[in-house]
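Below: one structure, written as structure tokens.
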Amino acid sequence: IVERLGEAQKTHLAAFVDARPRLIAKLGLGGYAEMMDRFAAGERQLNRAWSAAADGYADEAMRCLANVPALLAEAERRL
């Protein structure tokens, strides 16, 4: 979990955040804020899963990971 999420944090999540100007241009500031609300919630769960796994709490990491698909799907829907 630590290795795979660490890689995702450095690549995919960072790239998405870096796309902010393009996303605002596409969605407008209000639309961007609505989409980022759900994306940020999913990102927080991923970060929490990474942290829990790094600290040896695999069950907590898995609980956090279970929340991610629905949050990112909602962000995708708003995108």
Side-chain angles (χ1 to χ4, degrees):
I1 291 173
V2 172
E3 183 178 316
R4 290 182 74 187
L5 288 182
E7 184 62 28
Q9 289 166 325
K10 288 185 265 181
T11 57
H12 305 298
L13 297 175
F16 190 80
V17 172
D18 289 344
R20 181 178 187 243
R22 292 191 316 265
L23 292 169
I24 291 172
K26 177 181 177 180
L27 304 172
L29 198 51
Y32 174 78
E34 289 179 14
M35 184 274 305
M36 278 305 288
D37 176 64
R38 297 294 77 206
F39 175 82
E43 183 182 35
R44 281 191 302 277
Q45 288 297 297
L46 285 172
N47 292 337
R48 184 176 171 99
W50 181 93
S51 181
D55 290 343
Y57 297 100
D59 289 344
E60 177 64 17
M62 295 305 290
R63 276 191 293 277
C64 293
L65 287 175
N67 297 324
V68 173
L71 293 166
L72 293 185
E74 180 61 22
E76 182 179 27
R77 186 187 70 72
R78 293 177 185 205
L79 183 61

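Owing to the predicted nature of the structure, the values given are computational and were not obtained by experimental measurement. This chain uses plain numbering: 1 for the first residue, then up along the sequence.
- How far CZ of R63 is from OH of Y57: 11.5 Å, rounded to the nearest 0.5 Å.
- Closest approach of G42 to L72, counting heavy atoms only: CA-CD2, 4.2 Å.
- Counted within 6.0 Å of CD on E76, heavy atoms from surrounding residues, nucleotides or ligands total 12 or fewer; the atom is thus considered open.
- Closest approach of A14 to K10, counting heavy atoms only: CB-O, 3.6 Å.
- One distance of note links CD1 of I1 with CE of M62; it measures 5.5 Å at 0.5 Å rounding.
- Judged by distance alone, the side chain of W50 and the main-chain N or O of V2 form a donor-acceptor pair under 3.5 Å.
- The hydrophobic clustering, which links ILVMFWY residues whose side-chain heavy atoms are closer than 4.5 Å, places V17 and L46 together.
- Nearest heavy atoms, A66 versus P69: O-CD, 3.5 Å.
- The distance from atom CG of L27 to atom CE of M36, rounded to the nearest 0.5 Å, is 11.0 Å.
- A salt bridge links R77 and E74; the closest N-O separation between the charged side-chain nitrogens and carboxylate oxygens is under 4.0 Å.
- Residue-environment remark: CZ (R20) stays at or below the threshold of 12 foreign heavy atoms within 6.0 Å.
- A distance-only check finds no donor-acceptor pair linking the side chain of R38 to the backbone of L71 [under 3.5 Å].
- A donor-acceptor pair is defined here as one N or O able to donate and one able to accept, closer than 3.5 Å; such a pair exists between the side chain of T11 and the backbone of E7.
- I24 CD1 to M35 CE: the interatomic distance, rounded to the nearest 0.5 Å, is 9.0 Å.
- At a threshold of 4.5 Å between non-hydrogen side-chain atoms, the residues L79 and F39 do not count as touching.
- Contact detail for A61 and A52: the closest heavy-atom pair is N-CB, 3.8 Å.
- The shortest side-chain heavy-atom distance between Y32 and K26 does not fall under the 4.5 Å cut-off.
- We find the SG-CG distance between C64 and D59 to be 11.0 Å, quoted to the nearest 0.5 Å.
- Interatomic distance, L65 CG to E60 CD, rounded to the nearest 0.5 Å: 10.0 Å.
- Residue-environment remark: CZ (R78) exceeds the threshold of 12 foreign heavy atoms within 6.0 Å.
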